[in-house]
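Each remark here refers to the structure printed beneath this line.
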Amino acid sequence: MNTSSFVGVAMLIYIAASVGYMIFALTGNKFVRIAAMGIAAVAFTIHTAAVTSRTIEAGRLPLTNTYETLLLFSWALTLLTFWWQNRYEVQILGAFTFPLVFLLLAAASLPQISSEIQPLLPSLKSNWLLAHVLTCFVAYAAFGVAFATGIIHLALRLPAKRKLWLSRIELFDNITYRAIALGYPLLTVGIVTGAIWANSCWGRYWSWDPKEMWSLITWIIYSVCLHLRYAAGWKGRWAAWAAIAGFISVIFTYLGVNYLFTGLHSYA
Amino acid sequence: MEKRLTASTVHNKVATQMNVKETNRLRNAGSKLTKILCSVKLAIVALLFIGILSVVGTLVPQGGEVARYVELYGPLIAGIVSKAGLTNVFSSLWFLLPVGYLVSSMIVCSIRRLRNVLRAARKRSVLLEESKYELKPYHQVFSLSADAGLDIVRNGLREKVVEVLEKSRYRIADSVSSENTHYVSADKGIVGIWGPFLVHLSIIIIIIGGVWSAAASFSHFLDIEVGQSVDIPETPYRIGLSDFIIEYYEATDQPKEYISLLSVTENGRVIGEGELKVNAPLAIEGLHFYQMKYIPSVADVTIAVTRDNGEKIGEFRLPMVHGRYIEQIGLTVKPAEFAPDFAMTADKVAVSRTPNFNNPAVLLDIYSDKKLLGSKWVFFDPAGFHTSAEAGYIYELKDFTLKTFSGIRVVRDNAVPIIYAGFSILVLGAFLSCYVFHRRVWVMVKSSQGQIKLCVAGACNRNMLDFQREIDKCLREILPPTQEGLL
């Protein structure tokens, strides 16, 4: 089996896992939860196989184009989901993150996203590549979790759910904060290593390039998220909306910028 | 550390510390201006404003001519956009005002924060009097009956608390014992309170570095031909390119490395030389050189002309673009375009697939007295398969002269060390802010008439979630199994 067939199979199983977790979210059935967790574990195993086989095929870590980073991003998101589902006892998280993982893998399977293995451009041959790409995508995965818990928080605030889940509302607000706090320093490192790399490659650490600008916009949104905790009455609902806006900005920085603008950062 | 005190001394000690805190808070209330500068809500609004303007800055092309915006948006919106300064967002008042506000806010708040941080570091050993326990974000009270608590009493509950806290890497900050009451205060991760201060400080440093860099740095693009040399603007130096090498990945035409062999001279004396590669800048005399581009450039082409009845006219060397008048045929031939790797796309557009000379072709415009008779792509074709006839003559590409230019950027920017120092502090501050939490725990153990009262209070500057998990875990270790149900 090659990478793309692993991706295809993993994608299908992630759909099943998503459905399983959604049913659990609606019914609270313990057996459904265990089944969904098992299915997700199978999907993750195959997903890991996809990342491994890509690494072997390319002869280097999958960090250099949109296809490879989609695999990496979704893989990190799944890993983080497993970790935090158990750590904070919020199995419902999977109902929101696994559909996201599925969408990322589906995007990787689009014909517009080339899965061809290309030798590295001279400008990508740098020791900064690993630190820059890895920190950015682990940060993105953490922001993906914050996006999910932000949505859950807002959903729990709906009048019908209010009484039932009152104690959980604050929990999801706290997890949103926790996820953003996990990702923020990594995004900071991603931007800083990007700037240092740009300075050693192009002689400028900041070129007002669309990718740079959008990463700064994302960084600003998450800075706002962190400050919202200290503005009386602005946490909770507004923090959740900010986490959602932040993730939209992440996706735009990651994918939108490449297709709407031309710039220095044309590889991924 | 441990002192034996009476209950009233403990009370006094705790109360005095509380009073000092109150006075400090009053002193810190500060002027109205400080209040405005330190408003978190205003800072959030300013940040959002900067964010929105940055979005505008990426959506509206910056620094263009008015005509371009009219073409893009129509005259009405173009007028509004340019009047509102959105064509130069990053130097507009809209952008600079919130940036200015945030910078002054960060300076004022950093000074204030520094005071608070220093005070917190000094006052970490504050003990808590009993009535204050329930005011802390985390608080629990346990009443242990004599039976259940017997083992604990025998082994010393206070000692157990200290042991468990130390195992969780807490530092016992202070502990006071009277006859039947023990107070303990412990903390960890105090270094984390430096995080926000460092982040804000670093942003100020980066902005200072950026302004200095914008004012005092220079950057020039130089296209240098192999074997030639050019003056470096704003310096007394000259830079020469002795060779330009392209390395390819094995068995492909994918470039692996571009290498310029450079030498820098001052009044003819070599002051530095070296190999310049992509991602590996050269530093000579405070100047940094970067390999930016490979520019292959065809200077002229040699065309063989044959009459369409087969009669050879001759070979002519024609400079690119301008071409020349060829007397023998009475026509002017201009080589308009050169494609090193010619191909036709599906919709019949001529392109060059790669920059490599796999299928060179030249587009000839043929004029008679300034009137364009026709345009023809002409190939390098010794076998004569693709003859191209135009205006009664057949043309063939025989040869071309290639000139190789290396695109090099020269930068002098003395602010880079400041920026990098700012970056380092920023990263350190971000990790301290988000990964290291200042956690404080207060414990009071009071025994009277066979009853043991255990009060636990905790505070964490951020991340109550993990703090709560940790304290619950500690309590499970401290309390006997029968009491665990209390959690």
Side-chain angles (χ1 to χ4, degrees), chain A residues 87-88 118-128 170-171 174-175 177-178 180-189 191-193 195-197 199-206 208-210 213-214 216-218 220-221 223-224 226-234 238 242 249 257 260-261, chain B residues 39-41 43-44 47-48 50-52 54-55 57-59 62 90 195-196 199 210 213 219 247-250 252 254-258 277-281 288-292 409-411 413 416 419-420 422-424 426-427 429-435 437 462-466 468-469:
Chain A
R87 185 177 171 88
Y88 300 120
Q118 294 276 2
L120 277 188
L121 294 171
S123 59
L124 286 177
K125 281 172 48 198
S126 165
N127 293 334
W128 292 108
E170 211 183 334
L171 173 66
N174 281 330
I175 299 178
Y177 167 75
R178 191 73 198 89
I180 291 170
L182 179 76
Y184 186 80
L186 296 174
L187 179 66
T188 307
V189 173
I191 294 174
V192 163
T193 51
I196 296 173
W197 183 5
N199 193 35
S200 77
C201 186
W202 302 311
R204 273 189 96 169
Y205 42 83
W206 196 259
W208 304 96
D209 174 74
M213 284 314 296
W214 273 92
L216 180 67
I217 292 162
T218 305
I220 288 175
I221 296 176
S223 306
V224 167
L226 296 177
H227 284 88
L228 279 171
R229 309 281 304 177
Y230 304 102
W234 283 12
W238 291 112
S249 177
V257 167
L260 291 177
F261 303 109
Chain B
S39 157
V40 181
K41 289 193 178 179
I44 289 170
L47 271 173
L48 283 177
I50 291 172
I52 291 165
S54 304
V55 173
T58 62
L59 298 180
Q62 294 293 294
F90 301 112
V199 168
S213 157
S219 156
E247 289 174 359
Y248 294 93
Y249 284 101
E250 217 171 300
T252 67
Q254 299 276 353
K256 184 180 179 184
E257 196 64 84
Y258 298 111
K277 295 179 183 176
V278 181
N279 266 317
H288 286 84
F289 298 87
Y290 300 88
Q291 179 66 55
M292 301 295 284
R409 183 182 219 167
V410 188
V411 177
D413 191 348
V416 167
I419 304 258
Y420 282 12
F423 282 168
S424 315
L426 174 64
V427 168
F431 275 105
L432 285 179
S433 298
C434 296
Y435 284 39
F437 309 101
R462 293 174 282 269
N463 193 15
M464 276 304 283
L465 196 60
D466 287 312
Q468 213 155 316
R469 274 168 49 88

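Protein chains get the first letters and strands the later ones, always in sequence-line order, with residue 1 at the start of each. Just so you know, these numbers come straight off a predicted model, no measurement behind them.
- Minimum interatomic distance between Gly203(A) and Arg409(B) (heavy atoms only, all atoms of both residues): C-NH1, 4.2 Å.
- Here Arg87(A) pairs with Asp466(B) in a salt bridge; the nearest charged N to carboxylate O distance falls below 4.0 Å.
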Query raised in the report: Would Ser223(A) and Val199(B) count as a side-chain contact (heavy atoms from CB on, under 4.5 Å) if you check the C-alpha gap in whole Å, the side-chain angles of each, and the deciding distance to 0.1 Å?
Result: CA-CA 11 Å; Ser223(A) 306; Val199(B) 168; over 6 Å; no

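- Neither the backbone nor the side chain of Trp206(A) comes within contact range of chain B; no heavy atom of the residue lies under 4.5 Å from a heavy atom of that chain.
- When heavy atoms are compared at a cutoff of 4.5 Å, Ala280(B) approaches chain A solely by way of its backbone atoms N, CA, C and O.
- Contact annotation: the side chain of Leu171(A) approaches that of Leu465(B) to within less than 4.5 Å [non-hydrogen atoms, C-beta and beyond].
- Atom-to-atom distance recorded for Leu226(A):CG and Ser433(B):OG is 8.5 Å, nearest 0.5 angstrom.
- Looking at Gln254(B), only its side chain comes within 4.5 Å of chain A, counting heavy atoms on both sides.
- The choice from Gly183(A), Ser126(A), Ser200(A) that makes the most heavy-atom pairs within less than 4.5 Å of chain B is Ser200(A).
- Only the backbone of Gln291(B) comes within less than 4.5 Å of a heavy atom of chain A; no side-chain atom from C-beta onward does.
- Side-chain contact check for Ile191(A) versus Phe423(B): every heavy-atom pair is 4.5 Å or farther apart.
- Contact of Ile419(B) with chain A is made through the side chain alone, with heavy-atom distances under 4.5 Å.
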**Report entry** From CA spacing to verdict: side-chain contact (heavy atoms from CB on, under 4.5 Å), Val40(B), Leu228(A)
**Finding:** CA-CA 8 Å; Val40(B) 181; Leu228(A) 279 171; over 6 Å; no

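- Under a cut-off of 6.0 angstrom, the local environment of CH2 in Trp238(A) is sparse, with at most 12 non-hydrogen atoms contributed by other residues, nucleotides or ligands.
- With a threshold of 4.5 angstrom between heavy atoms, Phe90(B) approaches chain A through side-chain atoms but not through N, CA, C or O.
- Interface residue Val411(B): only side-chain heavy atoms are found under 4.5 Å from chain A.
- Counting heavy-atom pairs under 4.5 Å between each of His288(B), Arg469(B), Met464(B) and chain A puts Arg469(B) at the top.
- Looking at every heavy atom in both residues, Ile220(A) comes nearest to Leu47(B) through CG2-O, 3.4 Å.
- Heavy atoms closer than 4.5 Å to chain B are found nowhere in Asn127(A), neither backbone nor side chain.
- Side-chain contact check for Arg204(A) versus Tyr290(B): every heavy-atom pair is 4.5 Å or farther apart.
- At a 4.5 Å heavy-atom cutoff, the contact between Phe431(B) and chain A is made by backbone and side-chain atoms alike.
- If you measure heavy-atom distances from Tyr248(B) to chain A, you find no contacts under 4.5 Å at all.
- Annotation: maximal heavy-atom pairing with chain B below 4.5 Å, among Leu216(A), Thr218(A), Val192(A), Thr188(A), occurs at Val192(A).
- The two atoms that bring Leu120(A) and Tyr249(B) nearest to each other are O-OH, 2.6 Å, heavy atoms only.
- Contacts between Leu260(A) and chain B at a heavy-atom distance below 4.5 Å are absent for every atom of the residue.
- Interface residue Ile196(A): backbone and side-chain heavy atoms are both found under 4.5 Å from chain B.
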Query raised in the report: Can you list the steps and then say if Tyr205(A) with Ser213(B) is a side-chain hydrogen bond (donor to acceptor under 3.5 Å, both in side chains)?
Result: CA-CA 11 Å; Tyr205(A) 42 83; Ser213(B) 157; 3.0 Å; yes

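- For the pair Pro122(A) and Pro255(B), the tightest heavy-atom approach, listed with the atom from each and the gap, is CD-O, 3.6 Å.
- Residue Ser219(B) does not touch chain A at all, counting heavy-atom pairs closer than 4.5 Å.
- For Arg178(A) (side chain) and Asn463(B) (main-chain N/O), no donor-acceptor pair under 3.5 Å exists by modelled atom type.
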Query raised in the report: What do the steps show when you test Asn279(B) against Trp128(A) for side-chain contact (heavy atoms from CB on, under 4.5 Å), and what is the final call?
Result: CA-CA 10 Å; Asn279(B) 266 317; Trp128(A) 292 108; 5.9 Å; no

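- Of the listed residues Leu426(B), Val55(B), Asp413(B), the one with more heavy-atom pairs under 4.5 angstrom with chain A than any other is Val55(B).
- Under the 4.5 Å side-chain criterion, counting only non-hydrogen atoms from C-beta, Pro185(A) is not in contact with Val427(B).
- Contact record, Gly51(B) with Ile217(A): O-CG1, 4.0 Å, taken as the closest heavy-atom pair.
- For Lys277(B), the NZ atom sits in a loose shell: 12 or fewer heavy atoms of surrounding residues, nucleotides or ligands are nearer than 6.0 Å.
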